[in-house]
There are 2 protein chains.
Amino acid sequence: MARKRITPGKIRLAEVAKLAGVSPITASRFFRNPDALSAGKRARVESAAKELGYVPNLAARALASQRTEVIGVLIPSLTNNVFSDVLRGIYDTLDGSRYSIQLANTRYSILQEERLLRLFLAQKPAGLIVTGINQTADSRAIMETVDCPIVQIMELGPTPIDMMIGFSHFDAAKAAIGHLLAQGYRRIGFLGARMDPRVQRRLDGYRAAMTDAALFDPQNIVTTAIPTSVTLGGTLFADLLAKAPDIDAVFCVNDDLALGALFECKRRHMAVPEQMAIVGFNDLEFMASSEPTLSSVRTNRYEMGRNAAAMVIETLEGRRPTEPVVDLGFSVIERQSSARRG
Amino acid sequence: MARKRITPGKIRLAEVAKLAGVSPITASRFFRNPDALSAGKRARVESAAKELGYVPNLAARALASQRTEVIGVLIPSLTNNVFSDVLRGIYDTLDGSRYSIQLANTRYSILQEERLLRLFLAQKPAGLIVTGINQTADSRAIMETVDCPIVQIMELGPTPIDMMIGFSHFDAAKAAIGHLLAQGYRRIGFLGARMDPRVQRRLDGYRAAMTDAALFDPQNIVTTAIPTSVTLGGTLFADLLAKAPDIDAVFCVNDDLALGALFECKRRHMAVPEQMAIVGFNDLEFMASSEPTLSSVRTNRYEMGRNAAAMVIETLEGRRPTEPVVDLGFSVIERQSSARRG
DNA sequence: CAATCGCTTGGTAGCGCTGTCAATATCGGT
DNA sequence: ACCGATATTGACAGCGCTACCAAGCGATTG
């Protein structure tokens, strides 16, 4: 026969209730919905809890209430600056709230994403923040039946699972090319790495802009599945020059590639922007202080994280955002590397 | 009187046990210690669990067993590349294991760190990974009484709380200065930002090396509490040149500052390394592909994360690492930016 | 004055799992 | 065939909290 498993020093809700002279359930209510208590009891429970240094047992709460206060976050990469900015926004918003974060790394694999999703959902998260709109059919189906707030971040699409915050990568790339065209550049190359769905859409935007201007030439495109890096930017740019020596500008799908291309230009004593204009994407901090300064497309990553977290919290608190789809936009930042031609 | 709160569709351990024709406790053991079952029952429980798609309820497990399978990770910054590499190592190691990660951002504040530590510890984590050796006295005291594995990462110190993995920032900085001295540079400046404890120790290493060489001059040091950035690197370097126009080299406490200094040199048409040698710290990826390539001190951040997580797991599994303190070392990577003088 | 209403408070049972110990099955040795 | 030792299995209670219902209570109403 099992004996009593008493935990000696531990302060439980019952202790707090006893000291406060109320029933455990009343003490419990104090932590969940203090307004439901009379002022007197509220004060008594509060001071009792403080005096005993009571800390609720989250496992017990989760078990009894059948829900947790964990918000699951699925991102494709931990090292990409883009996601660390988003993450920072999420953490900044959730920090100090009752919610905590469960973070997982899909490594750009939607299969991995599906696996992690099942893992998360099994523990009944309070909310979910997932990256992008390209989930497996199963993932989508699962998420559509789950009844917790879900925010898709990083990009916009026609059929949100629940809520959505991001911007149009297609439009952003198109605007970047529009800028280069307006500056007088004509033979604009494209450098892409990783080629995840969002990068793919930037390529689509490039293609559309160039086609509209009757300047599209597939020879001017160099892409790879390899993860991005500054070094890779240099390599891809060299490849591009080999394929299309006559280009006068290059659009890079991210700033690391742009920086790599810039260094490669320097190595070849190729003047930027006189002989080669460069435009990046994301507008990381260093773009403004390179020599020459590098043009880019600014995206609002930190705000995306903040808003995504805020949308989840608001929904959980019953104040569902009036607009479930938020376009954070972008802006083309024009710097020396794409100064007007001639 | 309370009525049955039955959860209709949910698969519990009891269902699995019934289908497998064993008692619930035997099924429970299958998930915790399969070797304790006979081969027959093991197979039966396994297939029953698979057939029903059983997923254990972690909250119930945590409540019943009085412990969790969460490893708490406290790092000072989410955006700093250095920490994202470490994090990646931790996630890569813990991914696929039974353990999950609870990540929190101390924002370089040891008070914040203490607060988060109390928060974590209240939920009885399986293990803890904390950054550095400069905790508040209270934090230290708390951690010393807790009985879960704790790994301090990023740097080494004389009195580990439990386990420790990192390298000597003092020695690493000293080695970098030693390299510059060996290359023939004499008036070596120092650029520091953020000035957290580890950066402080790099400054100590710089001071020691310069003093040993009888070349120390406080005029050659520029530091700020502002968080680091490439732009800041340019600004600080300009400040340094204003204070000490005769320097022939600069040691930057991280690679972002080094890159900023490089750009500032370019802006001033100052040849690197002929007129100004530059050495950074951490050896981020871009250092190898800048123009000129930038020397740096390579640190093993990813390995640090991997090992820290592995040390926690090993301890939890009863295979405590024989050596609780691991020095991962560093290496000075000599590139164009610090080529031999003259 | 009884009936009704809304607010606050309490009682009871149970969330799904595992720690502890007891019971049983198995096995080798004599 | 008997004994003790070891390997498996099971029973029971309880981890700490909250959902649900009911009861108490004063105020309002016809």
Side-chain angles (χ1 to χ4, degrees), chain A residues 1-45 48-49 52-69 98 122-124 126, chain B residues 1-45 48-49 52-69 98 122-124 126:
Chain A
M1 184 203 62
R3 82 283 56 103
K4 306 284 179 204
R5 273 183 287 162
I6 28 64
T7 327
K10 183 89 78 32
I11 294 112
R12 295 188 305 284
L13 191 54
E15 271 78 43
V16 176
K18 182 143 62 141
L19 179 60
V22 300
S23 72
I25 190 65
T26 301
S28 167
R29 265 192 278 265
F30 168 78
F31 293 100
R32 290 175 292 142
N33 181 16
D35 294 339
L37 300 205
S38 61
K41 304 224 170 182
R42 185 169 27 213
R44 295 232 301 284
V45 176
L52 295 172
Y54 172 72
V55 182
N57 180 321
L58 264 37
R61 177 179 289 177
L63 179 60
S65 69
Q66 298 283 64
R67 51 197 164 67
T68 64
E69 291 176 343
R98 61 196 306 182
Q123 307 312 324
K124 301 199 188 61
Chain B
M1 185 204 61
R3 82 281 56 106
K4 307 284 180 205
R5 275 182 287 164
I6 26 63
T7 327
K10 182 90 77 33
I11 294 112
R12 294 189 307 286
L13 191 54
E15 270 78 43
V16 176
K18 183 145 61 144
L19 178 60
V22 301
S23 73
I25 190 64
T26 302
S28 167
R29 265 191 278 265
F30 168 77
F31 293 100
R32 291 174 293 142
N33 182 17
D35 294 339
L37 301 204
S38 62
K41 304 226 168 181
R42 187 171 340 140
R44 295 232 301 284
V45 175
L52 296 173
Y54 170 72
V55 182
N57 180 321
L58 265 36
R61 177 180 289 178
L63 180 59
S65 68
Q66 298 282 66
R67 53 197 165 65
T68 63
E69 289 175 345
R98 62 197 303 181
Q123 306 313 326
K124 302 199 190 62

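Chain letters run A, B, ... following the sequence lines, proteins first and then strands; every chain starts at 1.
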If you look at every strand shown and take non-hydrogen atoms under 4.0 Å, does R42(A) touch a base, only sugar-phosphate, or nothing?
nothing
Nearest heavy-atom neighbours spanning V16(B) and V45(B)
CG1-O, 4.0 Å
Mind calculating the distance between CD (E15(B)) and C1' (dC15(C)) to the nearest angstrom?
13 Å
For R12(B) and N57(B): C-alpha separation, side-chain torsions, deciding distance, then whether side-chain contact (heavy atoms from CB on, under 4.5 Å) applies.
CA-CA 8 Å; R12(B) 294 189 307 286; N57(B) 180 321; over 6 Å; no
Looking at S38(B), does any N or O in its side chain come under 4.0 Å of the phosphate oxygens OP1/OP2 on dA7(D)?
no
Atom-to-atom span, CD of Q123(B) to P of dC15(D) - whole angstrom
18 Å
For dT18(D) and S65(A) - does any side-chain N or O of the residue sit under 4.0 Å from the phosphate oxygens OP1/OP2?
no
Quickly work out the Q66(A) CD to dC17(C) C1' distance and round it to whole Å.
13 Å
Using a cut-off of strictly less than 4.0 Å, decide whether R67(B) has a side-chain nitrogen or oxygen near OP1 or OP2 of dG19(C).
yes
With sugar-phosphate meaning primed atoms plus P, OP1 and OP2, does R29(A) contact a base, only sugar-phosphate, or nothing at under 4.0 Å between heavy atoms?
base
Could you state the atom-to-atom distance from CG of L63(A) to P of dA13(C) in whole Å?
18 Å
Listed nucleotide nearest any side-chain atom of A64(B), set dT9(C), dT18(C), dT18(D):
dT18(C)
Would you mind reading off the distance between R32(A) atom CZ and dT8(C) atom P, rounded to a whole angstrom?
15 Å
Rounded to whole Å, please give me the gap between CD1 in I11(B) and P in dG16(C).
11 Å
Quick one: is dC15(D) close enough that its OP1 or OP2 comes under 4.0 Å of any side-chain N or O from R12(A)?
no
Using a heavy-atom cut-off of under 4.0 Å over every strand shown, decide if A36(A) touches base, sugar-phosphate, or nothing.
sugar-phosphate
Pick base, sugar-phosphate or nothing for Y54(A), based on heavy-atom distances below 4.0 Å to the nucleic acid.
sugar-phosphate
Whole-Å distance separating the CG atom of D35(B) from the P atom of dT6(D)
19 Å
Distance-minimising heavy-atom pair for K41(B) and V22(B):
CD-CG1, 3.6 Å
T26(A) side chain N/O closer than 4.0 Å to the phosphate oxygens (OP1, OP2) of dT9(C)?
no
Assign each of A60(B) and G21(B) the nucleotide of DNA chain D bearing its closest heavy atom; nearer the 5' end lies the nucleotide of G21(B)
Heavy-atom count check: over 12 atoms from other residues, nucleotides or ligands less than 6.0 Å from R67(B) CZ?
no
Base, sugar-phosphate or nothing for F31(A)? Non-hydrogen atoms, less than 4.0 Å.
nothing
Is it true that atom NZ of K124(A) has more than 12 heavy atoms of other residues, nucleotides or ligands lying nearer than 6.0 Å?
yes
Separation of dT9(D) atom P from K18(B) atom NZ, nearest Å, is 20 Å
